[in-house]
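Below you'll find the structure, written out as structure tokens, and then a few comments.
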4 protein chains.
Amino acid sequence: MVLCYDRSMATIASVTASGSKADQIIAATRSLFVRYGYRRTSVDDIAREAGVAKATLYLHFSGKEEMFREMIRRFQLLQEERCAAAEAIETSVENKIVALIDAVYGTTIEWFENTAHIEELKSVALHEISVPVDEPVQAFRRRLTRMIKAAEERGELRLSAVGSSAQDVAQVLLFAAYGAKHAAHATHASFHAALPGIVRLILVGMIPADIA
Amino acid sequence: MVLCYDRSMATIASVTASGSKADQIIAATRSLFVRYGYRRTSVDDIAREAGVAKATLYLHFSGKEEMFREMIRRFQLLQEERCAAAEAIETSVENKIVALIDAVYGTTIEWFENTAHIEELKSVALHEISVPVDEPVQAFRRRLTRMIKAAEERGELRLSAVGSSAQDVAQVLLFAAYGAKHAAHATHASFHAALPGIVRLILVGMIPADIA
Amino acid sequence: MVLCYDRSMATIASVTASGSKADQIIAATRSLFVRYGYRRTSVDDIAREAGVAKATLYLHFSGKEEMFREMIRRFQLLQEERCAAAEAIETSVENKIVALIDAVYGTTIEWFENTAHIEELKSVALHEISVPVDEPVQAFRRRLTRMIKAAEERGELRLSAVGSSAQDVAQVLLFAAYGAKHAAHATHASFHAALPGIVRLILVGMIPADIA
Amino acid sequence: MVLCYDRSMATIASVTASGSKADQIIAATRSLFVRYGYRRTSVDDIAREAGVAKATLYLHFSGKEEMFREMIRRFQLLQEERCAAAEAIETSVENKIVALIDAVYGTTIEWFENTAHIEELKSVALHEISVPVDEPVQAFRRRLTRMIKAAEERGELRLSAVGSSAQDVAQVLLFAAYGAKHAAHATHASFHAALPGIVRLILVGMIPADIA
DNA sequence: GATGAATGAGTCTTCATTCAT
DNA sequence: CATGAATGAAGACTCATTCAT
């Protein structure tokens, strides 16, 4: 199995490096939101964790919401970078799909440590803070569809064999991967390990005999 | 397509019928938690929505947590009832699988109106209130696996064709359905409509030529 | 030592006998106020302890305050009865004084079981409910003074020996008895046992040699 | 009569001086608890009296209980200081006893303004907040006993004359002083004035003729 | 007479945010 | 830049009392 993305290029550490005060604050924000969720984390907690006075937080960010927004922004930056890397790899379509899903969902698991509060965070982002956390997922779906279409055109996948469109296949892949990400007790490692099998099961009927 | 479960038997209305005060309170609880989540819904809000004084809530329930617990209990009762009905239908394995998934996830979508707060609620249930909301999902997985195994023994599915175990297939079905349930803007209707296609795509390689 | 008062004449049981509903309620009131104090005892608690519905309490009493007033009234009735009995005994002045103090303070200890909440109760009685709980104590002081004066006239006590008035001696006796009553962990029995020694120590300088 | 303790050394003012916010809060706490008792005083009341926002109270103290504890702590500090001063005076045993009692009970009357709520406060301290308010009183009893024993050894008191032990005499002195402190309407001044007479009456039988 | 159900006013406590220094 | 101190608004929960049955 190829290494899906070059971890040295973009790591959590590189995005949360504790250089500036702002970095410390965002690192504290991520850590606490992961552990306790948005609501249960008080601004006091963040200040204590970041080792600064509460008022200092307000020097750098307009409030709790902006700290959250910035934390998400850094996450999406990392995710985006890894996605681009995954698309650039030259390998079989199956491997590329695995790499892309891993870049998106694997990064999510890594950053958010598969926290039980992930969807409280998502819910807050969408409904109270207006961060379009769903947009990257849509982009992901489009990328995946494009990848499958290209493979079909190259003859690497035969969608006609299962009577489904590229959109349908991308959709089901995405659904299954999402489900796997949310399986209880999933870690980045377990997700990483299970992914190829899931992709293979879904694609199995579409791979021409001469390739399989 | 068969009707997955007989809606006249067990509907949300039948479980939240506004007969007693307790029913009114639980109905208000459900409605507000769906709209605003657990934390953002205050006990005052619930009292206002239910049309009773705050103290009355405490006459019927020991606190906010117990209102939540009772709301979940009623949901699980409904879900359980529909699952049993789905398992009892006599039809093709594909239809039965669709019916079972619909009984579990369709009911969830219906009850919680696919709220963006679903996982805040799940998180609160699991971590702060100790309601085992995951247990029914495990039961669901076992039922699904059993169904697939039975179909294989009857020759209705050929797992050997894709080299997967019944557990694997059940797992992927569950992952995909979970993903579909969480798709943005999914409604009970859209989920209901998409489900057969998803199930078919995953099972397509395992259905013997003489049946398909 | 003579028996200070005839217990068969007036006992707590005879005043709180659980005949009527009102009796049950007052018995519950006494028991709970002794155990938890006035504020910490809720009307719910009283209803539960008395085995009646909360609304029933309000049939018999206008509110929590009146239950308290009635409870005090019954206590004072008992105390009064025992005082009269103590005064009627024919014995030495020292014994009579002991008997009188015991009738007042011993009854208090018995009724209120030397509760730590005694003065919260007194404070509530005086300041919020306007029950003159101090009045009986003043009457007691007058009785004691009268007793001492009579003894002096009879030559049984010689106040001139210590240069104090009957009022002064009564006062100090009363102070010391009050202190003994409030000693930590005092029970009715321990108070009863310590009382003669205390009285003797205070009177010792006034007893004529021919009597002592 | 000697001045029992040098008031300029340790006064209520010096302990509650309204320098810091915490001081203001404790001063308000003392004043309100004295006037209304613990339960009847709400945190809102304290905030209003102290002239700060309610949240400010929680900045300085963890809650109502801690405000109470701190108020008691300051009282005990003052009491302790005055006791030490009383013991150091060089004068007759009678005067020293009066001075010591005044340091303990006089300070209590002064600080708590002989409030009717004194024992609700004591009860709350002992039973709900675990402040050992009885311990200083025990220390006081030991000091008093020691003082009497020393006087006996010096021949200043003759306990044999009344057939009592030093403990007994200390006990009765303490009881009587406690009673005087709790006399209705006692003020610090009236207590101060009555104390020497009370002590004298109790000690009168033990003072050798050559001294008296 | 007795009660189950209901409530308005009040309790203590927390939190995101601001401001003078 | 950084902070200690302060706060208004809101949160969950309790209680003595009332009323229709």
Side-chain angles (χ1 to χ4, degrees), chain A residues 20-22 24-25 38-48 50-68 128, chain B residues 20-22 24-25 38-48 50-68, chain C residues 20-22 24-25 38-47 50-68 128, chain D residues 20-22 24-25 38-47 50-68:
Chain A
S20 70
K21 276 263 155 70
Q24 282 174 50
I25 293 165
Y38 182 79
R39 289 266 144 59
R40 275 290 204 223
T41 299
S42 74
V43 174
D44 275 274
D45 294 335
I46 298 176
R48 202 174 311 116
V52 299
K54 210 174 4 166
T56 305
L57 302 182
Y58 287 88
L59 273 183
H60 293 274
F61 302 95
S62 72
K64 196 184 181 186
E65 297 194 352
E66 202 191 305
M67 295 177 216
F68 184 44
E128 297 176 38
Chain B
S20 70
K21 274 268 150 69
Q24 282 174 51
I25 292 165
Y38 182 80
R39 290 264 148 59
R40 273 291 204 221
T41 299
S42 75
V43 174
D44 276 272
D45 293 336
I46 298 175
R48 204 174 310 116
V52 299
K54 205 172 8 165
T56 304
L57 302 182
Y58 287 89
L59 199 64
H60 292 276
F61 303 96
S62 70
K64 196 183 180 185
E65 296 196 353
E66 201 189 305
M67 295 177 216
F68 184 44
Chain C
S20 69
K21 276 263 152 72
Q24 283 173 49
I25 292 166
Y38 182 79
R39 290 263 145 59
R40 272 292 204 223
T41 298
S42 74
V43 174
D44 274 274
D45 294 336
I46 299 176
V52 300
K54 209 173 4 166
T56 304
L57 302 181
Y58 286 87
L59 273 181
H60 293 274
F61 303 96
S62 72
K64 196 182 179 185
E65 297 194 354
E66 201 190 307
M67 294 176 219
F68 185 44
E128 297 176 39
Chain D
S20 71
K21 274 269 150 68
Q24 282 175 51
I25 293 166
Y38 183 79
R39 289 265 146 59
R40 271 294 204 222
T41 299
S42 74
V43 174
D44 276 272
D45 294 337
I46 298 175
V52 299
K54 209 174 2 166
T56 303
L57 303 182
Y58 287 89
L59 197 66
H60 293 276
F61 303 96
S62 70
K64 196 182 180 184
E65 296 195 354
E66 202 189 304
M67 294 178 217
F68 185 43

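Here is the naming used below: chain letters follow the sequence lines, and residue numbers restart at 1 for every chain.
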Report task. Do nucleotides 12-17 of chain F as a string where each nucleotide becomes B, S or -: B if the base has a protein heavy atom under 4.0 Å, S if just the sugar-phosphate does, - if no protein is that close. Result -> SBBBBB
**Report entry** N/O (side chain, C:His60) to phosphate O (OP1/OP2, E:dG1) under 4.0 Å
**Finding:** no
Report task. Take the protein atom CG of D:Leu57 and the nucleotide atom P of F:dA6, then report the distance between them rounded to whole Å. Result -> 11 Å
Query raised in the report: Reckon A:Lys21 has a side-chain N or O less than 4.0 Å from the OP1 or OP2 of F:dC1?
Result: no
**Report entry** Non-hydrogen atoms of D:Gln24 and D:Ala50 that approach each other most closely
**Finding:** OE1-O, 3.1 Å
Query raised in the report: When rounded to the nearest 0.5 angstrom, what is the spacing between CE in B:Met67 and OG in B:Ser62?
Result: 8.0 Å
Report summary line: Contacts of D:Arg39 meeting side chain to side chain contact (heavy atoms under 4.5 Å, CB included) (sequence neighbours excluded), chain-then-number -> C:Arg39, C:Arg40, D:Glu120, D:Val124, D:Glu128
Requested in this report: Specify the separation, in whole Å, of atom CD of C:Gln24 and atom C1' of E:dG1.
Outcome: 14 Å
Requested in this report: Rounded off to whole Å, could you give me the CG-to-P distance for the A:Asp45 and E:dC15 pair?
Outcome: 7 Å
Report task. State, to 0.1 Å, how close C:Ala53 and C:Ala47 come at their nearest heavy-atom pair, and which atoms those are. Result -> C-CB, 4.1 Å
Query raised in the report: Between D:Ile25 and D:Ile46, what is the shortest heavy-atom contact and its length?
Result: O-CG2, 4.3 Å
Query raised in the report: Taking the side chain as C-beta and beyond, is there a heavy-atom pair between C:Tyr38 and C:Glu65 under 4.5 Å?
Result: yes
**Report entry** Considering all heavy atoms, the nearest B:Tyr58-B:Gly63 contact
**Finding:** CE2-CA, 3.8 Å
Query raised in the report: How close or far is atom P of F:dG11 from atom CE of B:Met67, stated in whole angstroms?
Result: 14 Å
Query raised in the report: Could you give the CZ-to-C1' distance, from A:Phe61 to F:dC1, as a whole number of Å?
Result: 15 Å
Query raised in the report: Between A:Arg48 (CZ) and F:dT3 (C1'), how many Å, whole number?
Result: 16 Å
Query raised in the report: The side chain of C:Ala53 lies closest to which of these nucleotides: E:dT3, F:dT7, F:dT3?
Result: E:dT3
Query - Range-with-range stems of DNA chain E (Watson-Crick or G-U pairs under 3.5 Å, three or more in a row) - result: E:2-21 with F:2-21
